[in-house]
Amino acid sequence: MSVNCIDNNTGINSNYMTGKKRVLGKNFNIQIEDINRGSKVNEPLMSFSNPKTGESVEIHRSDIYSDDTPIYILKGKTAEGEEFERKHHAWIIDPRNCSYAELMMLNQETGNTSLVDKQRADILFEKTGAKNYLDKADYSKAIKDVMEEYKSSGNWDAYLSMDKWQQSLNDYTSVPVYFDRGIMERNGVKGSCSFATVKTAEEIQKEIDDRVKAAEKNGPTLREALANAFPNAVNTLYSFVGSSVVMTFDEYVKAMEEMLRK
């Protein structure tokens, strides 16, 4: 019994409404040398450096990059003078805990590639207090803090511009990710993926089923059970996983009752 729930109050991401999801495949586990097929690396999309620390960073798309495999190669020199080359998968970048370099990758993914977009990121870099481009920081909080400053000063043009940028990042990072837990753990990724909780499809379905079962104790009908299980359920839209048909609450209850009778 698979269902896409469309309500932030349920604790399940609203992107489930349309069935929009990402499946993290085995390409995530490919080594850098295999991705680049030896020494090959595409020309940098952008580069930036810090004259104070000597740090320099180049962002490249890997040679297997696609919408379904948005793997980037990060190359450069650390503040300590050490050369590095790393791979990053854009789907698992979390603005609540990412580096400036990762934030710039999200800019590439969301089409925010203008000089103004980089200037916004520079403002946030200063706001977080991060010392280096590879240091992790909460850029989501920094965005909120900067927007609050714009609001307090009445700088509404900057406020709205930052808000639009923030929303584009949210739209990208909030898509649920399905994954092979073993692959993720081997790459040191645990707990959360972007704004969505990282769970397998089976774990997500179990959560939904458990909520429905718990709710059934509170009411004699399926309609009442669902209404008790999910806040604002009556005003929520629904669709079955893999289906593009969007239903009202009453239409969904009817469809569920028909399925249960079979």
Side-chain angles (χ1 to χ4, degrees), residues 28 30-33 35-36 39-65 69-147 149-150 158 161-174 184 187-195:
F28 181 78
I30 296 177
Q31 299 298 317
I32 284 181
E33 55 268 24
I35 290 176
N36 295 334
S39 61
K40 176 184 176 183
V41 177
N42 294 325
E43 288 299 312
L45 298 169
M46 67 178 306
S47 60
F48 38 90
S49 60
N50 188 332
K52 294 181 180 179
T53 65
E55 185 180 21
S56 62
V57 177
E58 292 179 351
I59 296 178
H60 304 255
R61 282 199 179 98
S62 71
D63 63 350
I64 64 168
Y65 176 93
T69 313
I71 295 179
Y72 288 83
I73 303 298
L74 207 62
K75 297 183 66 176
K77 184 179 294 185
T78 67
E80 292 73 33
E82 297 179 0
E83 293 186 355
F84 66 88
E85 182 174 349
R86 304 176 183 176
K87 68 174 179 180
H88 289 261
H89 199 300
W91 287 354
I92 61 171
I93 297 175
D94 185 347
R96 297 169 301 180
N97 183 34
C98 74
S99 66
Y100 174 88
E102 289 173 314
L103 185 66
M104 298 308 291
M105 290 181 215
L106 286 181
N107 266 352
Q108 291 293 325
E109 284 293 286
T110 54
N112 295 306
T113 56
S114 70
L115 178 59
V116 174
D117 295 315
K118 184 180 184 303
Q119 288 172 340
R120 290 195 193 96
D122 290 341
I123 292 171
L124 297 182
F125 179 68
E126 294 295 328
K127 189 69 175 178
T128 64
K131 302 300 182 183
N132 300 308
Y133 294 136
L134 303 181
D135 292 345
K136 298 281 188 176
D138 189 343
Y139 280 87
S140 181
K141 180 179 183 302
I143 290 174
K144 294 177 181 178
D145 290 344
V146 171
M147 287 178 64
E149 291 176 2
Y150 289 154
S161 181
M162 181 73 78
D163 184 53
K164 182 178 179 181
W165 179 56
Q166 173 188 231
Q167 189 56 53
S168 71
L169 298 181
N170 289 354
D171 288 344
Y172 183 87
T173 58
S174 65
M184 296 292 281
N187 285 275
V189 179
K190 299 178 181 179
S192 66
C193 180
S194 301
F195 288 123

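We count residues from 1, following the sequence as given. The shown structure was predicted, so the numbers you read here are calculated from the model rather than taken from an experiment.
- Distance OG/Ser99 to CZ/Arg86: 8.0 Å, rounded to 0.5 Å.
- Side chains of Asn50 and Asn132 form no contact here, defined as non-hydrogen atoms less than 4.5 Å apart.
- Residues that satisfy the ring pair (Phe, Tyr, Trp, His ring centres under 6.0 Å) test with Tyr65, not counting sequence neighbours, are Tyr72.
- Ile143 is listed as a side-chain neighbour of Leu169, based on a closest heavy-atom distance under 4.5 Å.
- For Tyr139 and Tyr100, the distance between ring centers is not under 6.0 angstrom.
- More than 12 heavy atoms of other residues, nucleotides or ligands shown are found within 6.0 angstrom of CD on Gln119.
- A pairwise comparison of heavy atoms in His60 and Glu43 identifies ND1-C, 3.6 Å as the closest pair.
- Looking at heavy atoms from C-beta onward, Lys131 lies out of side-chain contact with Thr53 at the 4.5 angstrom threshold.
- Proximity of Thr173 to Asp94: side-chain heavy atoms (C-beta onward) are nowhere separated by under 4.5 Å.
- Counted within 6.0 Å of NZ on Lys77, heavy atoms from surrounding residues, nucleotides or ligands total 12 or fewer; the atom is thus considered open.
- The nearest pair of heavy atoms linking Ala121 to Asn107 is CB-ND2, 4.5 Å.
- A heavy-atom distance below 4.5 Å is found between the side chains of Arg120 and Ser161.
- Of all heavy-atom pairs spanning Ala130 and Phe125, the tightest one is O-CZ, 3.5 Å.
- For the residue pair Ser114 and Asp117, a side-chain donor N or O sits within less than 3.5 Å of a side-chain acceptor on the partner.
- Side chains of Tyr133 and Glu55: no donor on one and acceptor on the other come within 3.5 Å.
- Looking at residues two or more places apart in sequence or on another chain, you find no ring pair (Phe, Tyr, Trp, His ring centres under 6.0 Å) involving Tyr150.
- Donor-acceptor pairing under 3.5 Å is lacking for the side chains of Asp163 and Gln167.
- Counting heavy atoms from C-beta outward, Asp138 and Asn97 have side chains that stay 4.5 Å or more apart.
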